[in-house]
Amino acid sequence: MNKNDPGFFEQVFEVVKRIPNGRVTTYGAIARYLGSPGSSRMVGWAMNQSHFSHEYIPAHRVVNRKGVLSGKHHFDGPDMMAELLANEGIEVENDQVIDFDRYYWDPIKELGL
DNA sequence: ACGTTGACCTATA
DNA sequence: GTATAGGCCAACG
């Protein structure tokens with residue numbers, strides 16, 4: 001219960017910060033990596049707090065299972081998320097990642113358990 | 001301590 | 001294939 005107490009948020013931040021450039025992952029994948037496959041929604045909440053975090057959290061690299069930029073509206077601008085992804089070479093159209101399967105980065109598969 | 005919320009996911013119709 | 005409903009768990013007010 002010290003100040004280093006790693007809550008769900010901290011764990012999510014650690015994983016999100018580990019996402020390579022030009023790659024994207026899903027909330028469920030992160031939740032599953034943390035051992036809570038049903039806490040996919042909590043990951044989204046953690047992203048919400050990411051704006052308050054002093055660390056850089058590439059939340060734009062986190063999308064839903066369909067590859068849709070579900071949280072684009074939470075960014076500074078309406079299309080800020082798409083711009084950031086496009087800046088990393090990820091093709092985004094109609095608020096959806098093209099070839100999402102190609103850019104998909106699974107923490108469990110990459111980082112392992 | 002309780003009720004609501006939330007950037008989701010899966011299942012069923 | 002699209003639409004709707006339910007579940008899920010942790011943080012917030």
Side-chain angles (χ1 to χ4, degrees):
Chain A
M1 305 20 181
N2 49 13
K3 291 186 292 187
N4 288 342
D5 176 25
F8 219 91
F9 286 31
E10 292 294 328
Q11 295 194 83
V12 172
F13 293 142
E14 287 294 307
V15 177
V16 175
K17 286 191 292 187
R18 277 172 142 164
I19 301 175
N21 185 286
R23 289 292 180 117
V24 289
T25 188
T26 66
Y27 304 94
I30 296 174
R32 196 158 86 107
Y33 177 75
L34 298 179
S36 296
S39 300
S40 47
R41 308 173 91 182
M42 275 56 278
V43 179
W45 253 24
M47 298 288 96
N48 228 338
Q49 297 300 315
S50 70
H51 290 281
F52 288 84
S53 180
H54 294 80
E55 301 294 327
Y56 174 66
I57 310 296
H60 58 275
R61 294 180 189 159
V62 184
V63 293
N64 64 353
R65 213 16 177 143
K66 302 174 192 169
V68 179
L69 285 55
S70 24
K72 70 156 193 172
H73 204 300
H74 286 251
F75 279 80
D76 190 35
D79 291 318
M80 186 61 158
M81 192 172 182
E83 297 263 329
L84 291 170
L85 290 172
N87 195 309
E88 298 191 355
I90 300 177
E91 299 179 72
V92 178
E93 182 158 341
N94 194 7
D95 303 333
Q96 187 172 327
V97 178
I98 302 175
D99 294 332
F100 171 71
D101 187 44
R102 187 170 71 167
Y103 296 110
Y104 182 66
W105 179 84
D106 192 341
I108 301 177
K109 183 178 180 181
E110 301 296 325
L111 301 177
L113 292 177

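What you see is a predicted model; the values in this text were computed from it and never measured. Throughout, a chain's letter reflects where its sequence line sits, starting with A, and its residues are numbered from 1.
- Within 6.0 Å of the OH atom in A:Tyr56, the count of heavy atoms belonging to other residues, nucleotides or ligands exceeds 12.
- Taking only side-chain atoms of A:Ser40, from C-beta outward, the nucleotide of C:dA11, B:dA7, B:dC8 with the closest atom is B:dC8.
- In the interface, the side chain of A:His60 is not paired with the base of B:dA7 through any donor and acceptor atom under 3.5 Å apart.
- Here the closest heavy-atom approach between residue A:Phe13 and residue A:Ile57 is recorded as CD2-CD1, 3.8 Å.
- Whole-Å rounding puts the A:Ile30 CD1 to B:dC9 P distance at 10 Å.
- Rounded to whole Å, atom P of B:dA7 lies 4 Å from atom NE2 of A:His74.
- For A:Lys66 and B:dA11, the NZ to C1' distance is 13 Å, given to the nearest whole Å.
- Judged by distance alone, the side chain of A:Thr25 and the main-chain N or O of A:Val62 form no donor-acceptor pair under 3.5 Å.
- The listed nucleotides are B:dT5, C:dC9, B:dC9; the one nearest the side chain of A:Asn64 is B:dC9.
- At least one donor-acceptor pair under 3.5 Å links the side chain of A:Asp106 to the backbone N or O of A:Ile108.
- In this structure, A:Phe52 atom CZ and C:dA11 atom P are separated by 16 Å, rounded to whole Å.
- Both A:Gly38 and A:Gln49 lie close to DNA chain C; mapped to their nearest nucleotides by heavy-atom distance, the more 5′-ward contact belongs to A:Gly38.
- Closest to the side chain of A:Arg41, from the set B:dA7, C:dC8, C:dC12, is C:dC8.
- Heavy atoms of A:Asn48 sit under 4.0 angstrom from at least one base atom.
- Counting only heavy atoms from C-beta on, A:Phe8 has its side chain closest to C:dA11 among B:dA7, C:dG7, C:dA11.
- Under 3.5 Å, the side chain of A:Arg65 and the base of B:dC9 form no donor-acceptor pair of N or O atoms.
- Between A:Arg32 atom CZ and B:dT10 atom P there is a gap of 10 Å when expressed in whole angstrom units.
- Between A:Leu34 atom CG and C:dC8 atom C1' there is a gap of 15 Å when expressed in whole angstrom units.
- The distance from atom NZ of A:Lys72 to atom P of B:dA7 is 14 Å, rounded to the nearest whole Å.
- A:Ser36 comes within 4.0 angstrom of no nucleic acid atom, judged by non-hydrogen atoms across all strands.
- Taking a 6.0 Å sphere around CG of A:Asp76, one finds it holds 12 or fewer heavy atoms contributed by other residues, nucleotides or ligands.
- As judged by a 4.0 angstrom heavy-atom cut-off over every strand, A:Ser70 is placed among residues touching the sugar-phosphate backbone only.
- Per the geometry, NE2 belonging to A:His51 stands 9 Å off C1' belonging to B:dA7, to the nearest Å.
- Residue A:Ala59 is in base contact, counting any heavy-atom pair closer than 4.0 Å across all strands shown.
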